[in-house]
Amino acid sequence: ANVVSGAEIIKSYSAKGKGNTYVRYVAQKVLKDFYNSYQDREDELLSKKDEASVKRLAEVTATKNKLKAIMDEAKQ
């Protein structure tokens, strides 16, 4: 949940930085890095088949999907 709230803050920098292309670029890059990090975690958990990994996978996938939505909003 903290990652999602942090991503929302970074998304706001993306909106504020519309006049400054560097701020907007960096904000979008950070969001993409967050997303890629969760994609990597999801891939790692998919390779494991134990019970704890399956439970964690649902959380990671939900967070990744929220980050994807935030990232898409920031691109607009």
Side-chain angles (χ1 to χ4, degrees):
N2 291 336
V3 172
V4 174
S5 61
E8 288 287 349
I9 292 170
I10 293 169
K11 183 181 85 169
S12 72
Y13 288 125
S14 173
K16 289 178 186 174
K18 287 186 178 179
N20 185 336
T21 56
Y22 296 109
V23 172
R24 183 169 169 82
Y25 170 79
V26 170
Q28 288 178 345
K29 182 169 180 352
V30 169
L31 290 173
K32 186 175 182 182
D33 289 347
F34 274 163
Y35 176 79
N36 289 339
S37 169
Y38 271 81
Q39 180 67 53
D40 291 344
R41 289 181 193 180
E42 183 181 47
D43 293 343
E44 182 181 331
L45 290 171
L46 283 171
S47 68
K48 297 179 182 178
K49 299 296 181 193
D50 60 5
E51 197 172 314
S53 294
V54 172
K55 290 179 182 178
R56 181 80 177 118
L57 178 63
E59 296 172 18
V60 168
T61 301
T63 302
K64 184 192 82 164
N65 291 337
K66 289 176 186 174
L67 287 171
K68 175 73 171 152
I70 292 169
M71 190 172 70
D72 290 342
E73 289 175 17
K75 288 181 181 178
Q76 295 177 357

Results of salt bridge (charged side-chain N to carboxylate O under 4.0 Å, His left out) for Lys64 - residues two or more places apart only: Glu42
Closest non-hydrogen atoms of Thr63 and Tyr38, given as atom of the first, atom of the second and distance, are CG2-CE2, 3.6 Å
Between Glu44 and Lys48 (salt bridge meaning N to carboxylate O under 4.0 Å), is one present in this structure? yes
Which value, rounded to the nearest 0.5 Å, describes the distance between Glu73 atom CD and Glu8 atom CD? 6.5 Å
Qualifying residues under salt bridge (charged side-chain N to carboxylate O under 4.0 Å, His left out), relative to Lys68, sequence neighbours excluded: Asp72
So, taking the atom named CG in Leu67 and the one named CG in Asp33, what distance separates them when rounded to the nearest 0.5 Å? 11.5 Å
Rounded to the nearest 0.5 Å, what separation is found between the CD1 atom of Ile70 and the CG atom of Asn65? 11.0 Å
Check whether any side-chain N or O of Gln28 sits under 3.5 Å from a backbone N or O of Ser14 as a donor-acceptor pair, and report yes or no. no
NZ of Lys75 to CZ of Arg24: how many Å apart, nearest 0.5 Å? 10.5 Å
Grab the two heavy atoms, one from Phe34 and one from Ile10, that are nearest each other, plus how far apart they are. CE1-CD1, 3.6 Å
Suppose we screen for side-chain contact (heavy atoms from CB on, under 4.5 Å). Which residues come up paired with Ser37, at least two apart in sequence or across chains? Arg41
Distance-only, no hydrogens or angles: does the Ser5 side chain make a donor-acceptor pair with backbone N or O of Asn2 under 3.5 Å? yes
Are any non-hydrogen side-chain atoms of Val30 and Tyr13 less than 4.5 angstrom apart? no
Joint cluster assignment, Val4 & Met71, ILVMFWY side-chain distance < 4.5 Å: yes
